[in-house]
Structures are given as C-alpha cells and as structure tokens.
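This is a predicted model, so every value here is computed, not measured. Scope of the values below: all heavy atoms of this structure, side chains included, with no hydrogens, waters or symmetry mates.
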Amino acid sequence: MSQIFEQFDVISFFWMTIKLTALAAVASFIIGTVMAIMRLSPVPVLRFVGTAYVTLFRNTPLTLIVFGSLFGISITLQFSISDTLSTNAFFFAIFGLAVYHAAFVCEAIRSGVNTIPLGQAEAARSIGLTFTQTLREVILPQAMRGAITPLGNTLIALAKNTTVVMTIGVLESAYFLSKVSEDASSQLNNAFLLVAGFFVLFTVPMGLATGYASRKLAVKR
C-alpha cells in the first residue's frame with residue numbers, strides 16, 4: 001500500500017473528488033430549487049419548463065451530459081471558462097454534474113412540498129399573501145425540512161457519480177484507479193481497496209448527518 005502513496009499523489013485525487021462534490025452540490029441545489037419553484041408556479045409556461053427540465057435531464061445518461069458539457073459547449077461552441085484545459089474540464093465537469101443532479105434535487109424538494117397540507121397554502125392566500133410570499137414564508141421552509149432525507153440521498157449519489165468525470169480527463173479518484181492500472185497494475189487490488197474505503201468514509205457520514213438532521217428538524221404535525 002505504501003508504494004501507491006509513494007508513486008501517486010493519492011491525496012490530490014481524493015481532494016479533487018471532494019471539491020467536485022461540494023461545488024456541484026451547491027450548484028445543483030440552486031438550480032434544483034429554481035426548477036422546483038417553476039414546477040409549483042401557477043404560470044403554465046414556467047410549469048412546462050420545470051417539468052421539461054426534469055424529464056430531460058433525469059432520463060439522460062450522466063456520462064452523455066458531462067461529455068457534452070465539455071466537448072459540446074466548450075470545444076464545439078468555443079465557450080471556455082479558462083485557457084487551461086484541465087481547469088476548463090474541471091468547471092465543465094461541475095456544470096454537468098450540477099445540471100444532472102438538479103433534476104433530482106427538484107423532485108426531492110417537490111416531495112417535501114407534498115408533505116405540507118394543502119390548507120396551509122390556502123390559509124396563506126386567504127390572509128393576502130402572494131404566491132411568492134406563500135412560497136417563501138410558508139411552503140419552502142417546511143418543504144426543505146421534509147426533503148432532507150431525499151436531498152441527502154441525492155448528495156450521496158452525486159459523490160459517487162463524480163467518478164464519471166474521468167471521461168473528460170478530470171483527475172479524481174476513478175482517474176487514480178486508471179493510472180494505477182496503467183502504471184502499477186500489481187497494486188491494482190490495493191488501489192481498489194483504497195478508493196472503496198475513501199468512498200465509504202466520505203459518504204457514510206453524509207447519510208448519518210442527513211438522517212440525524214431529518215429527525216431533528218422534522219416538522220411536527
């Protein structure tokens with residue numbers, strides 16, 4: 001095992017996975033929340049856009065989205081975030097991960113909204129609150145608390161799905177396995193154990209934390 005650490009910069013590969021997860025999680029939460037609001041909107045066009053987004057991206061393979069982000073937008077359309085190829089791939093990897101998982105975040109938030117009795121929205125409207133005020137003051141705060149568990153599951157899935165971005169050359173944990181396979185194949189079993197152990201240590205606390213938060217913040221009815 002020590003030979004792997006001497007030959008490869010293991011920490012940087014794992015750190016890249018953590019950065020991808022954190023940044024894509026924030027971006028997907030923002031996009032997913034906007035899409036959830038659009039799906040709940042009384043405006044038919046906005047509801048259609050939100051529904052179309054979820055249907056499109058939830059049913060498209062993540063590999064295709066990540067690959068299309070870099071090679072479709074950056075290389076074909078000549079839209080680059082950075083002049084450095086690796087940095088550009090990193091940001092488009094975050095973009096692809098965020099766009100894909102935002103569809104699941106949207107549905108998680110919608111599931112939280114479904115836990116709220118309809119009478120609360122009707123009561124809010126009856127006292128004169130607008131749709132935006134009802135959403136901001138009554139619906140979303142409770143929906144977020146009710147959606148902690150599905151949001152946590154989405155976050156765990158996102159962490160594991162970061163391995164897909166190896167296809168566009170981002171140096172994360174799956175890329176590390178590929179390098180070991182090419183340059184030190186005798187250490188491949190140890191590398192698999194190392195990566196598996198990393199993901200267990202990385203994702204299990206997420207599940208425990210979201211489970212605890214879900215029980216702690218559950219809306220009492």
Quick one: [atom1] on [X] to [atom2] on [Y], what's the gap to the nearest 0.5 Å?
X	Y	atom1	atom2	result
Leu177	Leu188	CG	CG	6.5 Å
Lys216	Arg145	NZ	CZ	11.5 Å
Phe48	Met38	CZ	CE	10.5 Å
Ile148	Asn153	CD1	CG	12.0 Å
Glu137	Leu140	CD	CG	10.0 Å
Cys106	Leu40	SG	CG	8.0 Å

- Item | Between Gln142 and Gln120: side-chain donor-acceptor atoms closer than 3.5 Å |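 Side chains of Gln142 and Gln120: pair found under 3.5 Å.
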
- Is there a donor-acceptor contact under 3.5 Å linking the side chains of Thr167 and Thr63?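 No, no side-chain donor-acceptor pair sits under 3.5 Å.
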
Between [X] and [Y], is there a donor-acceptor pair closer than 3.5 Å when you use the side chain of the first and the backbone of the second?
X	Y	value
Ser74	Phe71	no
Glu172	Tyr175	yes
Arg47	Pro42	yes
Thr84	Ser86	no
Ser69	Ile65	yes
Thr134	Thr130	yes
Ser28	Ala25	yes
Thr115	Gly146	no
Thr210	Met206	yes
Ser111	Ala108	yes

- Qualifying residue, where the test is side chain to side chain contact (heavy atoms under 4.5 Å, CB included) with Val66 and the options are Ile168, Ile94, Asn161: Ile168

Can you name the nearest heavy-atom pair linking [X] to [Y], along with the distance?
X	Y	answer
Ala93	Val170	CB-CG2, 3.9 Å
Val105	Gly32	CG1-CA, 3.9 Å
Val99	Tyr53	O-OH, 2.7 Å
Thr55	Asn59	O-ND2, 2.7 Å
Ala159	Thr17	O-CG2, 4.4 Å
Ala36	Ile109	CB-CG2, 3.9 Å

- Message: How about CZ on Phe95, more than 12 heavy atoms from neighbouring residues, nucleotides or ligands closer than 6.0 Å, or not?
- Response: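 Counting other residues, nucleotides and ligands, CZ of Phe95 stays at 12 neighbours or fewer.
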
- Query: Any chance CG of Asp183 has more than 12 other-residue heavy atoms, nucleotides or ligands included, within less than 6.0 Å?
  - Reply: yes

State yes or no: do [X] and [Y] share one hydrophobic cluster built from I, L, V, M, F, W and Y residues joined by side-chain heavy-atom distances below 4.5 Å, directly or via other members?
X	Y	result
Met35	Val43	yes
Leu20	Trp15	yes
Val10	Phe192	yes
Phe90	Leu85	no
Val26	Ile37	no

- Item | Member of Phe199, Phe198, Phe5, Phe202 meeting the ring pair (Phe, Tyr, Trp, His ring centres under 6.0 Å) criterion with Phe14 |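 That would be Phe198; it is the only one of Phe199, Phe198, Phe5, Phe202 passing the ring pair (Phe, Tyr, Trp, His ring centres under 6.0 Å) with Phe14.
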
Is there a side-chain contact between [X] and [Y] in this structure, where contact means two heavy atoms from C-beta onward sitting under 4.5 Å apart?
X	Y	answer
Glu122	Ser126	no
Leu70	Asn88	yes
Phe13	Val195	no
Thr21	Leu97	no
Tyr100	Thr60	no
Met144	Phe29	yes
Leu62	His101	yes

- Query: Quick one: do Arg39 and Glu107 make a salt bridge, cutoff under 4.0 Å?
  - Reply: yes

